[in-house]
Amino acid sequence: MSQPQLTQTETARQPDEHEELVPVGHDGHEDEHDHGHAVNWREINRVLFVAAAAAAIWFLGDARNPYVTGIGVICTLVGGFPIFREAYENIVQRRMTMELSMAIAIVAALAIREIFTALVITLFVLAAEILEGLTVSRGRTAIRHLVGLLPTTATVRRNESWRDVETSEISVGDIVLVKPGARIPVDGVVVGGHSFVDQATITGESMPTEKSRGMSVYAGTINQSGALEVRVDCIGRDTTFGKIIDAVERAEKSRAPIQGIADRLAGYLVYFALGAAALTFLITHNVRSTISVVIVAGACGIAAGTPLAILGGIGRSAQLGSIIKGGLYLESLATIDTILLDKTGTLTYGTLEVVDVHLVEGISTSVLLQAAATAESRSEHPVATAILKKASSMGISGEEPEQFDYTPGKGIVATRRGVETIVGNRLFLEGHRVVLPASAIFQTDSEVFVAQDGQFMGTLVVADMLRPEATKAIQDLKSMGLKTVLLTGDSKTVAEDIGRKLGVDEIAAELLPEDKLEFVGRLTKARHNVVMVGDGINDAPALMKATVGVAMGAGTDVARESANVVLIGNDLAKLVETLVIARRCRRTILQNFVGTLVVDSIGVGLAAFGFLNPLLAAFIHVSSELTFILNSARLLPPVSSTNKLVRGLLSPSAVVTQK
C-alpha cells in the first residue's frame, strides 16, 4: 500500500514574510486528501466499479468463456490502474515495494484465469488505500488547526475609508484595532486601550494576562474584554505563532532514523515473499499456492505505520504544547537516560522574592521593611526590586534617602533625617562595625542584612521561587527511570537548597556556559542520551550539544532556535508528557515490526503448504496491514479534542488604521 511520503527537507523553503499560512501535504503541496476527512470520490467510484465487476464475474461463474475472461481482465486492469502505475514507477526507480508484489500477484491470478480472485485482490488493495488515507489524514490536522487560529482578513482604514483586506496586506508599523473577542492577527506592542488577553497558545498561561500601553501581544491569542490598538512588529511567518507553525511543518516533513529501518525491512520482506513463492513453485508446482505466498506477505503495516506513528507523536505533542522539530528528536526522546535542568527560568521563575523575615527581638516586620525599602528606593538591583515589592504588598512605601551610597556586590548605606540605614551582606555590615548576634538564625537562601544607626535589626530572606509544577515533574522523571541533574551558574549553597527541595539526583553549581557545555560533552562521550532543558542565552551551547535540547517557550530567542524541542510556556509537566508520548511511539513501532514479521512468517508457511487460497491470503494481508496502521493511529490527537478546538475558533475581523 502507499505510505505517507515524509521526505527529508534538507533546506527549508524560506517563505515571503506576508505569505499566507496554508496546510501542505508531505510533498510540499496541498494534499487532495487533506480537506478534513473527506474521501476522494474518484477512489470510491473505482472501488465500486471493481466490486461490481467482481460480483458480475461471480454471478456468471464461467472463467472458460472468453468473453467473461476478457471483461474480467479489462475490469481488473482499469480498476487496478493505480496499483499498476505505482508498480511501474517502483520498477523505474529500482525500488522493491508491496505495490509491485501485489501487481505481480494480480497478473499471476489473471494468467491462470483466476479472474474473480484478481478482482477481489484489487478490491481489497483499493479499499485498504482509502482507509489508510483517512487514517493518515488525521495526522495532518495539527498544522491545519494551528493555521486556523490566525485571522485571515482585516479591515483597513486608508484614505479616510474602510475596506476589507487580507492580513497579508498589513505592513509593519500599521496600527491594528483588535475588538473584544477577536484573535490578534500580528505580533506587536499595545499603543492604546486596556484589556485582558488569553495567551495560552503562546505562553501556556491558563489565566488571561492584563494588557495596557507598552506591553507586547502575540498573533493567535484572544483579546477578551476591551479594545486594543496594536502597533505591528511582525506579520505572518515572522510572528511567534508563525514560527511555531513552521517548526511543526518541518517536523512533519522530517524522517526519523527508524523510518529508514522500516523502509529497508519492508523491501527485505518483499524479497522474502518473492523468494518463498519461487521456492514454493519449485517444490509444489502449485500455482495457486505460489500466488497465495506472494499475496499474504505484506510489509505495509511497517511501511505506512511507522511514519504515521511518528506523525501522530509529533501532532499529539504539538496539541499538548510541545513543539518537536523533527522525527529524529521524537525518536531520540524515547531513548533518553539523563535529564539536565537549568535552574533560573526553568525550575524557578527567574525573579527574586522575599520569602521569609527574621527579626531581632523588639523589631517588627513593618519597621524592618520600612528601613530596607527606604535604603533600596534608589536601587535597580533585583534584590531591591524584591524588597520594594514585598513592602508594597504590605502597604509600606520607602522614603527618598537624603544620602545614598551603593557598593556593587556588597550593599547600600543610606541616610534619611539623620538616621543611617545599612542593607547588604554579612561582611558588608561587619565592615561597618555592626555587631551581629551569634544566636541569629540565617537561612541557606540569599540573605539581606539590615541595620539602623549601628544596631542590627534582622534579615530578609530573598530567593528565586520554585515553579509549583517543578517538584512533581522531577519526581515523574525519576519514576520513569531517568537521572536528573541540576546545572546552574548560581552558588553551591543556593543550588544545593533548590536541589534538596526538588529531589534531583545530582547537582552541579557555579558553572559558566562553557562548563555546562563541557558537562554535556562528557555525558554524550560516555554514550549517555542526554536532554538539556534551559531558557537562556547561556544555555544555548549546551542545548545544541545535548542529544535533545529542550527550550522553555518563554525563554530567549537564542535558546528556542538552538533547541530541538520547544515547550510552549514554562510548564515542565509538558516535558514529562512529551517523553511519555515518545516512548509510546517507539513501543508502537516495535509492536508493528514484530507483528508484521510474525504474520508474514506464519502466513507464508500456511500458503506454501496449501492452507491458504489467494482470497484468504489477500484478506489476511489487508487485515494485518490495517491492524498495524490503526495501532499507529492510536497516537494521533483525539478527534473529539480537535473538533472541540475547531468549534471554539472564532472568525474575528480586525480593524487596521494606516499610520
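In this chain, residues are counted from 1 in sequence order. The structure presented is a predicted model; accordingly, all values stated were derived computationally and were not measured.
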Next on the checklist: For Lys545 and Met532: C-alpha separation, side-chain torsions, deciding distance, then whether side-chain contact (heavy atoms from CB on, under 4.5 Å) applies.
Outcome noted: CA-CA 9 Å; Lys545 183 70 173 179; Met532 173 66 196; over 6 Å; no
Could you measure the distance from the [atom1] atom of [X] to the [atom2] atom of [Y]? Nearest 0.5 Å is fine.
{"X": "Glu506", "Y": "Leu340", "atom1": "CD", "atom2": "CG", "answer": "8.5 Å"}
{"X": "Ile396", "Y": "Thr374", "atom1": "CD1", "atom2": "OG1", "answer": "9.5 Å"}
{"X": "Ile323", "Y": "Tyr329", "atom1": "CD1", "atom2": "OH", "answer": "15.0 Å"}
{"X": "Leu359", "Y": "Leu368", "atom1": "CG", "atom2": "CG", "answer": "6.0 Å"}
{"X": "Leu635", "Y": "Arg587", "atom1": "CG", "atom2": "CZ", "answer": "9.0 Å"}
{"X": "Ile581", "Y": "Leu330", "atom1": "CD1", "atom2": "CG", "answer": "8.5 Å"}

Checklist entry - Got more than 12 heavy atoms from elsewhere within 6.0 Å of NZ, Lys483? => result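 No, not enclosed.
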Checklist entry - For Val189, which residues count as a side chain to side chain contact (heavy atoms under 4.5 Å, CB included) partner, sequence neighbours excluded? => result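 Partners of Val189 by the side chain to side chain contact (heavy atoms under 4.5 Å, CB included) criterion, ordered by chain and then number, come out as Ser216, Arg231, Asp233.
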With a 4.5 Å heavy-atom cut-off, do [X] and [Y] have their side chains touching?
{"X": "Lys325", "Y": "Val566", "result": "yes"}
{"X": "Leu482", "Y": "Leu579", "result": "yes"}
{"X": "His194", "Y": "Glu210", "result": "yes"}
{"X": "Thr578", "Y": "Val550", "result": "no"}
{"X": "Ser171", "Y": "Val232", "result": "no"}
{"X": "Glu353", "Y": "Lys390", "result": "no"}
{"X": "Leu341", "Y": "Leu502", "result": "no"}
{"X": "Glu447", "Y": "Asn425", "result": "no"}

Next on the checklist: Considering only residues two or more places apart or on different chains, which pairs with a residue in residues 453-462 satisfy salt bridge (charged side-chain N to carboxylate O under 4.0 Å, His left out)?
Outcome noted: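 The answer is none; no pair qualifies.
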Solution key, residues 519-527 side-chain donor-acceptor pairs under 3.5 Å, sequence neighbours excluded:
residue	atom	partner	partner atom	Å
Thr524	OG1	Val520	O	3.2
Thr524	OG1	Gly521	O	3.0

State, to 0.1 Å, how close [X] and [Y] come at their nearest heavy-atom pair, and which atoms those are.
{"X": "Ala227", "Y": "Pro180", "answer": "N-CG, 4.1 Å"}
{"X": "Pro541", "Y": "Leu517", "answer": "O-CD1, 3.4 Å"}
{"X": "Ala372", "Y": "Val450", "answer": "CB-CG2, 4.2 Å"}
{"X": "Val548", "Y": "Ser332", "answer": "CG2-CB, 3.6 Å"}
{"X": "Leu429", "Y": "Ala451", "answer": "CD2-CB, 3.8 Å"}
{"X": "Thr348", "Y": "Arg467", "answer": "O-NE, 3.2 Å"}

Looking only at atom types and distance, does a side-chain atom of [X] sit under 3.5 Å from a main-chain N or O of [Y], one as donor and one as acceptor?
{"X": "Gln475", "Y": "Ala470", "result": "no"}
{"X": "Arg426", "Y": "Leu436", "result": "no"}
{"X": "Lys478", "Y": "Gly503", "result": "yes"}
{"X": "Asn529", "Y": "Asp337", "result": "no"}
{"X": "Asp505", "Y": "Val485", "result": "no"}
{"X": "Asp476", "Y": "Ser479", "result": "no"}
{"X": "Gln224", "Y": "Gly181", "result": "no"}

Donor-acceptor contacts, no H, no angles, side chain residues 408-422, under 3.5 Å, sequence neighbours left out:
residue	atom	partner	partner atom	Å
Arg416	NH1	Glu400	O	2.9
Thr421	OG1	Gln452	NE2	3.0

Checklist entry - After noting the C-alpha distance and the side-chain angles of Val367 and Met457, does the key distance pass the side-chain contact (heavy atoms from CB on, under 4.5 Å) rule? => result CA-CA 9 Å; Val367 170; Met457 302 177 69; 3.7 Å; yes
Checklist outcome for this item: Tested for side chain to side chain contact (heavy atoms under 4.5 Å, CB included) against Thr221, the lone hit among Val178, Asp187, Ile184, Asp198 is Ile184
Item to check | ring pair (Phe, Tyr, Trp, His ring centres under 6.0 Å) contacts in which one or both residues fall within residues 379-433, not counting sequence neighbours | outcome: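 Those involving residues 379-433 are Phe428-His432.
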Item to check | side-chain contact (heavy atoms from CB on, under 4.5 Å) evaluation trace for Thr335 with Thr547 | outcome: CA-CA 10 Å; Thr335 62; Thr547 309; 5.7 Å; no
Checklist entry - Do any pairs count as a side-chain hydrogen bond (donor to acceptor under 3.5 Å, both in side chains) and have a residue in residues 511-520, sequence neighbours left out, and if so which ones? => result Asp342-Lys516, Lys516-Asp539
Checklist entry - What do the steps show when you test Lys501 against Leu466 for side-chain contact (heavy atoms from CB on, under 4.5 Å), and what is the final call? => result CA-CA 9 Å; Lys501 291 177 180 177; Leu466 277 174; 3.9 Å; yes
